[in-house]
2 protein chains.
Amino acid sequence: MRFLVARCRVDYVGRLTAHLPEATRAIMVKADGSVLIHADGGSYKPLNWMSPPCAIRVSPGEADDDVEVWTVENKAGETLVITIHEILHSSEHELGVDPGLVKDGVEAHLQALLAAQVERLGEGWRLLRREWPTAIGPVDLMCRDASGLAVAVEIKRRAEIDGVEQLTRYLDLLNRDPLLAPVRGILAAQEIKPQARVLAQDRGIECVVLDYDAMRGHDDPATRLF
Amino acid sequence: MRFLVARCRVDYVGRLTAHLPEATRAIMVKADGSVLIHADGGSYKPLNWMSPPCAIRVSPGEADDDVEVWTVENKAGETLVITIHEILHSSEHELGVDPGLVKDGVEAHLQALLAAQVERLGEGWRLLRREWPTAIGPVDLMCRDASGLAVAVEIKRRAEIDGVEQLTRYLDLLNRDPLLAPVRGILAAQEIKPQARVLAQDRGIECVVLDYDAMRGHDDPATRLF
DNA sequence: ACATCTATGTCGTAC
DNA sequence: GTACGACGTAGATGT
């Protein structure tokens, strides 16, 4: 990895056209050729960047006050032109391959927990299966309620309007299956946006708020994902 | 801005729990207190990070081979603990405030261009207005075709299935208005995903692919956004 | 502050 | 490789 601090202008031409006027910025060049241009603030997104894999060509500056011009191009034909006026810092570092991030607490985990605790949806409920296959994608959980009726459950960390649309498409399809119909729908999430709740209600879809900590408290270690 | 290269472990506890085992990584600390942990590859997203505003507390390491432990905490109570084993590089840089990025070619520009060239949708078409207000949000363009029928146009850079859903909701609503009904729908985009095209067709929504360069060629500078 | 929508989204994963 | 959904989505914009 190369890290430099330089006074520069930047021009991106690709999915859109964008320009950075001259200023002092941090430039990170990674081993895979990707380039990040960072300002001294503004969270993790760079002002401008080029995604790997890409090639960097360095040429001498044309104007008197240009030190060098970098042309970075990737496979998709997008280009990033960095015109460097002054290099204030430059260093090279060996990092090696990263062992990578270990995560917990995402939707897959919520699904595993709820699959093991379907009684949270209603007494006497049974799980038919997780990832119930349909032509337009898998339904997170397919259950039968105490009276034996089929229920499709869509699980989200935060349920928004598109989650309701997704479940609606599943229900439309599932209700055409005479072996399954009538199929009810449940939207289960840690957090349900008001608009999503309204739309769900309008379509006869029940909303259930999941308490992740409580569910983890009842967790059976044998069914744990991690 | 401070930039360092260090052998470190990282633990994030917040919206989820995540852990980075010991390895050599690049650490960027910005003026606003935000911290980015980068590997030597993998595009612009850091392996781990903390968004501003946040406070950094540095304490001596407890184990023999820990140089120091950074505890970064933000307003939301999320924490990032960086256990540093060895510092391989450290430098400090003054960048100043960045003038910021200038963009072109986004959806707003597409909308402005198409509004000025509604004849691309059909001969004799008229624009009623951009951002036609409805109870569930504005319709990008509302037009009348040559025969005087109303047409709602949804504009996207890349049209996917959610764009069809969005337009469908608008059409459902608009068709309840006796002054407007019947209202047709058009999905206009630089690129239309196959699934979106199929769903649109199924719902009687017409798809139009926009040629951005051709539209810009016919651009009237007076109506230009930038 | 809250809700909604866009993004050069990026990233993983199933097909 | 393409398509699709999740994301610690982040960021902008309007109420």
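Here is the naming used below: chain letters follow the sequence lines, and residue numbers restart at 1 for every chain. Values reported hereafter were calculated over all heavy atoms of this structure, with side chains retained and with hydrogens, waters and symmetry mates removed.
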Notebook entry, point to check: Among the nucleotides C:dT8, D:dA10, D:dG8, which one has an atom lying closest to any side-chain atom of B:Arg157?
Noted result: C:dT8
Notebook entry, point to check: Starting at the 5' end of DNA chain D and moving along, which residue's nearest nucleotide shows up first, A:Arg158 or A:Ile155?
Noted result: A:Ile155
Item checked: Closest-nucleotide ordering on DNA chain C, the 5'-leading residue of A:Ala196 and B:Tyr44 -> A:Ala196
Notebook entry, point to check: Atom CG of B:Asn74 to atom C1' of D:dG8: distance rounded to whole Å?
Noted result: 10 Å
Notebook entry, point to check: How close or far is atom P of D:dG14 from atom CZ of B:Arg130, stated in whole angstroms?
Noted result: 12 Å
Check: Over how many whole Å does the gap from A:Lys193 atom NZ to C:dC5 atom P extend?
Finding: 11 Å
Notebook entry, point to check: Expressed as a whole number of Å, how far does the C1' atom of C:dT6 sit from that of D:dC7?
Noted result: 15 Å
Note to self: Assess whether a salt bridge exists between A:Glu131 and A:Arg129, defined as any Lys/Arg side-chain N lying under 4.0 Å from an Asp/Glu carboxylate O.
What the structure shows: no
Item checked: D:dG11 versus C:dC11 - spacing of their P atoms, nearest Å -> 15 Å
Note to self: Just checking B:Phe3 against A:His93, ring centres under 6.0 Å apart?
What the structure shows: yes
Notebook entry, point to check: Of the candidate nucleotides C:dT6, C:dG9, C:dA3, which contains the atom at the shortest distance from the side chain of B:Gln166?
Noted result: C:dT6
Notebook entry, point to check: In whole angstroms, how far is the P atom of C:dG9 from the CG atom of A:Leu47?
Noted result: 17 Å
Next item on the list: Nearest-nucleotide wise, let me know which of A:Met50 and B:Gly42 is further upstream toward the 5' end of DNA chain C.
Entry: A:Met50
Notebook entry, point to check: Can you check the B:Gln111 CD to C:dC5 P distance for me, whole Å?
Noted result: 14 Å
Note to self: Is there a side-chain contact between A:Trp49 and the phosphate of C:dT10, meaning an N or O under 4.0 Å from OP1 or OP2?
What the structure shows: yes
Next item on the list: Answer with base, sugar-phosphate or nothing: what part of the nucleic acid does B:Leu101 contact at a heavy-atom distance below 4.0 Å?
Entry: base
Next item on the list: Among C:dT10, C:dT8, D:dG8, find the nucleotide with the atom closest to the side chain of A:Glu78.
Entry: C:dT8
Check: Hey, does the side chain of A:Lys45 come within less than 4.0 Å of C:dT8's phosphate (OP1/OP2), counting only N and O?
Finding: yes
Margin query: It should be established whether A:Arg15 places a side-chain nitrogen or oxygen under 4.0 Å from OP1 or OP2 of nucleotide C:dG9.
Written below: yes
Check: Which nucleotide, in any strand shown, forms a Watson-Crick or G-U wobble pair with D:dG8, with both distances under 3.5 Å?
Finding: none
Notebook entry, point to check: So what does B:Lys156 hit on the nucleic acid, given a heavy-atom distance under 4.0 Å: a base, only sugar-phosphate, or nothing?
Noted result: sugar-phosphate
Note to self: Tell me whether B:Arg57 is salt-bridged to B:Glu73, with the criterion being a basic N under 4.0 Å from an acidic carboxylate O.
What the structure shows: no
Next item on the list: Report the nucleotide, chosen from D:dG8, C:dT8, D:dG5, that has the shortest atom-to-atom distance to any side-chain atom of B:Lys103.
Entry: C:dT8
Notebook entry, point to check: Any ion pair linking A:Glu191 and A:Arg158 (charged N to carboxylate O, less than 4.0 Å)?
Noted result: yes
Check: A:Asn48 CG to C:dG9 C1': how many Å, rounded?
Finding: 14 Å
Note to self: Check whether B:Asp32 reaches the backbone of B:Pro52 with its side chain - one donor and one acceptor, N or O, closer than 3.5 Å.
What the structure shows: no
Check: Between C:dA3 atom P and A:Glu191 atom CD, what is the distance in whole Å?
Finding: 8 Å
Checklist line | Base paired to C:dA3 (Watson-Crick or G-U; both N/O distances under 3.5 angstrom) | finding: D:dT13
Next item on the list: For the side chain of A:Ala18, starting at C-beta, report the closest nucleotide among D:dG8, C:dT10, C:dT8.
Entry: C:dT8
Checklist line | B:Glu160 CD to C:dT10 C1', straight-line distance once rounded to whole Å | finding: 13 Å
Item checked: Positive for side-chain contact (heavy atoms from CB on, under 4.5 Å) with B:Gln190, one of B:Leu110, B:Ile155, B:Asp211 -> B:Leu110
